[in-house]
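Beneath this line is the structure, given in structure tokens, with notes to follow.
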Number of protein chains: 2
Amino acid sequence: MPATSKAKPAPAGRGRRAVRASGDERERAILETAERLLEERPLSEISVDDLARGAGISRPTFYFYFPSKDAVVLTIIDRLVAAAAGSREEALATMAEGELRAALRQALTDLYGAFRSRRAVTLAAAELRMRNPEARELWSQVMEGWVADVTAVIEAERARGAAPAGQPARDLAIALVQMNERVQYAAFTGESPSLDEERVIDVLVDIWLRAIYGTAEPS
Amino acid sequence: MPATSKAKPAPAGRGRRAVRASGDERERAILETAERLLEERPLSEISVDDLARGAGISRPTFYFYFPSKDAVVLTIIDRLVAAAAGSREEALATMAEGELRAALRQALTDLYGAFRSRRAVTLAAAELRMRNPEARELWSQVMEGWVADVTAVIEAERARGAAPAGQPARDLAIALVQMNERVQYAAFTGESPSLDEERVIDVLVDIWLRAIYGTAEPS
DNA sequence: AACTTTATCAACACTGTGTCGAGTTGGTCA
DNA sequence: TGACCAACTCGACACAGTGTTGATAAAGTT
């Protein structure tokens with residue numbers, strides 16, 4: 001049973017423990033080592049041994065603190081996701097009261113910033129999602145949160161006559177949110193083709209506005 | 001040196017060989033086994049041993065035909081990508097002469113169909129891209145091809161006055177193409193949130209048209 | 001019939017994961 | 001204070017997977 005709870009005193013949700021003693025700083029050391037190594041190379045090229053050594057402990061001792069490498073990264077992603085959720089709520093609060101164009105830009109900028117400031121972790125999350133159901137579930141919740149909020153905004157704009165009818169609001173929201181995810185990911189990795197980091201927001205905001213407020217009639 | 005050419009007679013590009021004898025059918029058996037197993041489970045859960053046994057040979061013999069598991073999948077992806085490129089050129093030919101709305105829908109439908117009909121391979125490609133530079137490069141070329149074509153279409157539409165000015169055509173094309181990739185991937189995996197398979201095309205076409213022909217002015 | 005090429009696989013070397021059990025250490029309370 | 005317990009540590013092991021080596025067989029080629 002990989003990547004599931006199984007630590008010695010193991011009570012908590014994922015794989016982290018609830019210890020209090022000096023082990024607390026060991027746990028932190030492991031998390032910090034993981035973040036540091038992720039700046040250098042992808043998750044797939046980091047071993048449990050790398051994490052243990054980086055934290056100054058032996059490999060078996062690592063397993064006292066985390067049930068697997070994945071659990072470490074999941075813990076780190078948890079925190080990133082929580083921060084991003086904060087950005088989102090804040091941004092949405094602004095958006096609730098008119099001046100949508102500027103508010104939308106602000107919202108996308110904040111979210112983009114939240115992930116860009118932890119680029120390495122964001123990339124690791126994408127990698128982990130490919131093979132870890134728990135990571136998939138966590139990311140899924142993040143996306144659902146965004147989609148729900150964006151859906152509400154679109155429906156409100158349509159209700160007050162500011163936006164024309166069109167595809168179901170939720171479908172539109174899903175596509176737009178997924179576009180953001182992919183475009184941002186590409187910009188972070190620098191793959192080609194990808195948008196320049198400074199152009200990401202301009203392009204995304206433009207497409208969002210056109211998708212929400214425009215109609216689909218060519219000349 | 002994993003995933004690079006290294007087979008016995010090894011001349012060709014990647015890791016496939018140029019054998020002619022009875023080994024030809026072994027090679028095909030390996031490729032077929034890979035495709036079959038990918039329908040059942042992700043690439044990360046398929047071992048070289050699985051492929052060898054599936055093809056009725058021992059593991060060392062597998063290495064006579066392919067230098068690694070990745071090389072097998074790369075060969076399969078190559079073919080998918082070639083087929084998709086065919087769809088694209090065909091679709092673009094239609095698009096070159098007016099009636100853009102219908103032509104665009106047709107183009108996106110064909111492309112979507114090309115990948116949906118080989119869903120398992122498409123998903124494996126996404127997984128492999130995460131950790132294999134060669135897969136990344138291959139996919140990159142596919143995306144660049146699309147972006148180049150779409151950029152040309154947008155510029156042509158702007159030149160003939162059918163589409164308004166806006167973000168640089170290439171930037172717009174990158175975001176739209178990446179949106180398609182992500183939305184399609186999500187629909188294939190059935191993750192949540194994701195668009196229903198029957199709704200994908202409608203939603204994407206709508207956003208493309210609005211992004212290309214609309215303006216970004218809210219009411 | 002010598003020789004080469006193609007094909008095959010048992011056995012090996014290596015890397016990485018996760019577990020077991022035998023410790024050590026520091027605090028607590030009888 | 002000393003018996004005890006929980007937190008903590010790690011050497012040694014069992015396993016799974018990858019890729020290589022070398023010996024061998026079977027099919028052409030000259």
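Naming convention: chains lettered A, B, ... in sequence-line order (proteins, then strands); numbering from 1 in each chain.
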Evaluate side chain to side chain donor-acceptor pair (under 3.5 Å) for W139(B) paired with E191(A), printing each intermediate quantity in order.
-> CA-CA 10 Å; W139(B) 199 257; E191(A) 69 187 83; over 6 Å; no

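Every residue meeting the side chain to side chain donor-acceptor pair (under 3.5 Å) condition with D50(A), not counting sequence neighbours, appears here in chain and number order: R41(A), S47(A). Qualifying side chain to side chain donor-acceptor pair (under 3.5 Å) partners for R116(B), counting only residues two or more places apart in sequence or in other chains: none. Looking at residues two or more places apart in sequence or on another chain, you find a salt bridge (Lys or Arg N to Asp or Glu O under 4.0 Å) between D202(A) and R105(A), R199(A). With sequence neighbours excluded, the residues that form a side chain to side chain donor-acceptor pair (under 3.5 Å) with S44(A) are E127(A). Every residue two or more places apart in sequence or in another chain that forms a side-chain contact (heavy atoms from CB on, under 4.5 Å) with A124(B) is listed here: L38(B), V73(B).
Scanning atom types as modelled, no donor and acceptor separated by under 3.5 angstrom connect the side chain of R59(B) and the base of dG17(D).
The two residues L80(B) and A114(B) come nearest to each other via the heavy atoms CD1-O, 3.7 Å.
Contact check, T61(B) against dC9(C): a side-chain N or O comes under 4.0 Å of OP1 or OP2. For dT6(C), the OP1/OP2 oxygens have no side-chain nitrogen or oxygen of Y65(B) closer than 4.0 Å.
Between the CG atom of D49(B) and the C1' atom of dT20(D) there is a distance of 16 Å, rounded to whole Å. For the pair E25(B) CD and dT6(C) P, the computed distance is 17 Å after rounding to whole Å. Look at CZ on R28(B): it is 13 Å from P on dA7(C), rounded to the nearest Å. The distance between atom OH of Y63(B) and atom C1' of dT18(D), rounded to the nearest whole Å, is 5 Å. Nucleotide dG16(C) holds its P atom 16 Å from the CG atom of D70(A), rounded to whole Å. Computed from coordinates, the D50(A) CG to dT15(C) C1' distance equals 12 Å when rounded to whole Å. As rounded to whole Å, 14 Å separates atom C1' of dT19(C) from atom CZ of F62(A). What separates CZ of F64(B) from P of dG19(D) is a distance of 17 Å, to the nearest Å.
Of the residues in residues 51-58 of chain A, those with a non-hydrogen atom less than 4.0 angstrom from any atom of DNA chain D are I57(A), S58(A). Near-neighbour residues of DNA chain C inside residues 29-48 of chain A, defined by a heavy atom below 4.0 Å, number-ordered: S47(A), V48(A).
Taking every side-chain heavy atom of P60(A) into account, dA12(D) is the closest of dT18(D), dA10(C), dA12(D).
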For a quick test of your reading: what N or O donor-acceptor pairs under 3.5 Å do the side chains of residues 141-148 of chain B make, sequence neighbours left out?
residue, atom, partner, partner atom, Å
Q141(B), NE2, E137(B), OE2, 3.0
E144(B), OE1, R170(B), NH1, 3.4
E144(B), OE2, S192(A), OG, 3.2

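Pairs of residues two or more places apart, or lying in two chains, that qualify as ring pair (Phe, Tyr, Trp, His ring centres under 6.0 Å) and include a residue from residues 171-209 of chain A are Y112(A)-F188(A).
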